[in-house]
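Encoded as structure tokens, the structure appears first; notes follow it.
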Amino acid sequence: MGKRIFNFNAGPAALPLPVLEEIQEELLDFKGSGMSIMEVSHRSKWFDDVINEAVERTKRLLNLGDRYHVLFIQGGASLQFCMIPMNLAIQGHPLDYINTGTWSTKAIKEAKIQGKDVRVIASSEDKNFSYIPKDYKVDGDAAYLHFTSNNTIKGTQWAEFPKSGNVPLISDMSSDFMSRPFDVSPFGLIYAGAQKNIGPSGTALVIVRKDMLERVPKELPTMLKYTTFSEDNSMFNTPSCFAIYTINLVLKWLEDKIGGLEEMERINKEKASTLYDFIDHSSFYKGTAEKDSRSLMNVTFRLPNEDLEKKFIADALKTDLGGLKGHRSVGGCRSSIYNATGMDAIRALVAFMAEFEKKAG
Ligand SMILES: *Cc1c(COP(=O)(O)O)cnc(C)c1O
């Protein structure tokens with residue numbers, strides 16, 4: 001086996017090693033089929049079991065009960081930016097959005113393109129999206145309130161979700177989905193591009209409350225309607241079989257190896273606080289997000305200048321710490337520490353950061 005590095009990529013991102021090993025083990029002969037999971041029919045019992053298991057695990061992990069559908073939709077999180085207003089807007093009612101960064105901005109743009117009555121009720125753009133807004137008023141008449149639970153690029157996260165009264169919440173949870181437990185009851189829809197925390201890229205996992213589907217307009221193109229996916233268990237056409245298979249294995253790892261979302265959250269908090277504590281005690285590294293808004297998933301920080309940042313990223317890679325470059329739109333450094341990144345990776349990173357500071361600081 002080739003070497004594996006400590007992977008801090010933002011997405012596609014690290015997958016749990018036991019999951020990769022399981023994939024490797026059953027790649028040539030999936031459960032006695034004599035085929036890989038990429039070669040079996042999506043109409044076969046083999047794949048049916050896989051997708052049903054993935055749905056059931058999602059329902060168990062998040063206590064969804066019977067009120068929600070779990071769907072797998074191609075096109076990543078970005079297609080959801082347009083599908084949500086297309087399917088769930090209500091004529092004569094505004095769409096409320098909170099803008100906390102690059103991804104929220106894109107979601108807002110896609111709703112506006114469709115000529116919807118979009119209202120941005122709060123934004124942290126005034127301070128380069130370095131915080132989560134606290135002052136906002138949700139329009140009681142709104143069809144939904146959309147927010148991004150974790151801001152992958154800016155390194156901020158909603159510690160507690162916005163309160164919206166009777167207005168259904170809709171959240172882009174791409175980069176913190178399944179990182180912590182939460183109460184789903186205020187949510188009309190939750191979506192996550194799989195490649196951050198639960199699997200390979202190209203697919204979004206979408207959780208939609210059943211009553212929300214009454215809003216879906218009949219005249220939409222077939223593949224852009226949520227009902228097409230809910231009525232056929234995400235198999236109106238050929239789904240992303242390999243992605244769904246991998247997602248199921250990651251969820252199995254979460255349930256059986258980690259022990260569920262409470263334990264996952266405890267581990268994630270320990271990882272993030274180790275890294276933030278180190279940064280806070282250093283005068284060399286500087287966190288970019290406000291302390292009460294910091295993300296447990298994407299730790300963004302700067303060094304005294306860009307030359308040092310370049311050297312930091314290059315030297316880190318030489319010691320097998322990969323993916324520490326900040327998003328191209330903001331620069332700096334970012335350590336993405338999703339579920340699959342263990343405490344061993346954090347310890348290795350902190351040791352490297354201390355060493356680098358000693359040499360350069
Ligand atoms: C990565 C990311 C996206 C985009 O996901 P795609 O699957 O590439 O469309 C959207 N929202 C958030 C919060 C992300 O982190």
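Note that ligands are numbered from 1 as they come in the structure, with each ligand's atoms numbered from 1 the same way. The first residue in the sequence is number 1, and the count goes up from there.
- For the ring-ring contact (aromatic ring centres under 6.0 Å, His included) with His146, the qualifying choice from Phe187, Tyr97, Trp103, Phe81 is Tyr97, the only one to do so.
- Using bins of under 30°, 30° to 60° and over 60° for the plane-to-plane angle, the ring pair Phe147/Phe161 lands in the tilted bin.
- By the 3.5 Å distance cut-off applied to N or O atoms, Gly75 is not counted among the residues near ligand 1.
- Protein heavy atom nearest atom 9 (O) of ligand 1, with residue, atom name and distance: Ser78 OG, 2.6 Å.
- Looking at Gln157 and Asp176, their side chains do bring a donor and an acceptor atom within 3.5 Å of each other.
- Only the side chain of Phe81 comes within 4.0 Å of ligand 1, judged by heavy-atom distances.
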field: Pair Phe242-Tyr245, ring-ring contact (aromatic ring centres under 6.0 Å, His included): steps then yes or no
entry: CA-CA 5 Å; Phe242 187 76; Tyr245 158 75; 5.7 Å; yes
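- Atoms of ligand 1 lying under 4.0 Å from at least one heavy atom of Gln195, given by number and element, are 5 (O), 6 (P), 7 (O), 8 (O).
- Summarising the geometry of Leu62 relative to Met178, their closest heavy-atom pair is CD1-CE, 3.8 Å, with the distance given to 0.1 Å.
- Contact between Asn150 and ligand 1 is present, with at least one heavy atom of the residue lying under 4.0 Å from the ligand.
- Annotation for ligand 1: atoms under 4.0 Å from non-hydrogen atoms of Ser174 are 10 (C), 11 (N), 12 (C), 13 (C), 14 (C), 15 (O).
- Every heavy atom of Lys106 sits 4.0 Å or more from the atoms of ligand 1.
- Residue pairs meeting the salt bridge (charged side-chain N to carboxylate O under 4.0 Å, His left out) criterion with at least one member in residues 27-41, sequence neighbours excluded: Glu26-Lys31.
- The nearest non-hydrogen atom to atom 15 (O) of ligand 1, considering only Thr152, Asp176, Asp172, comes from Thr152.
- Lys196 NZ, 1.5 Å is the protein heavy atom nearest to atom 1 (C) of ligand 1.
- Note on ring orientation: taking the six-membered ring where Trp is involved, the planes of Tyr285 and Phe278 are tilted (angle from 30° to 60°).
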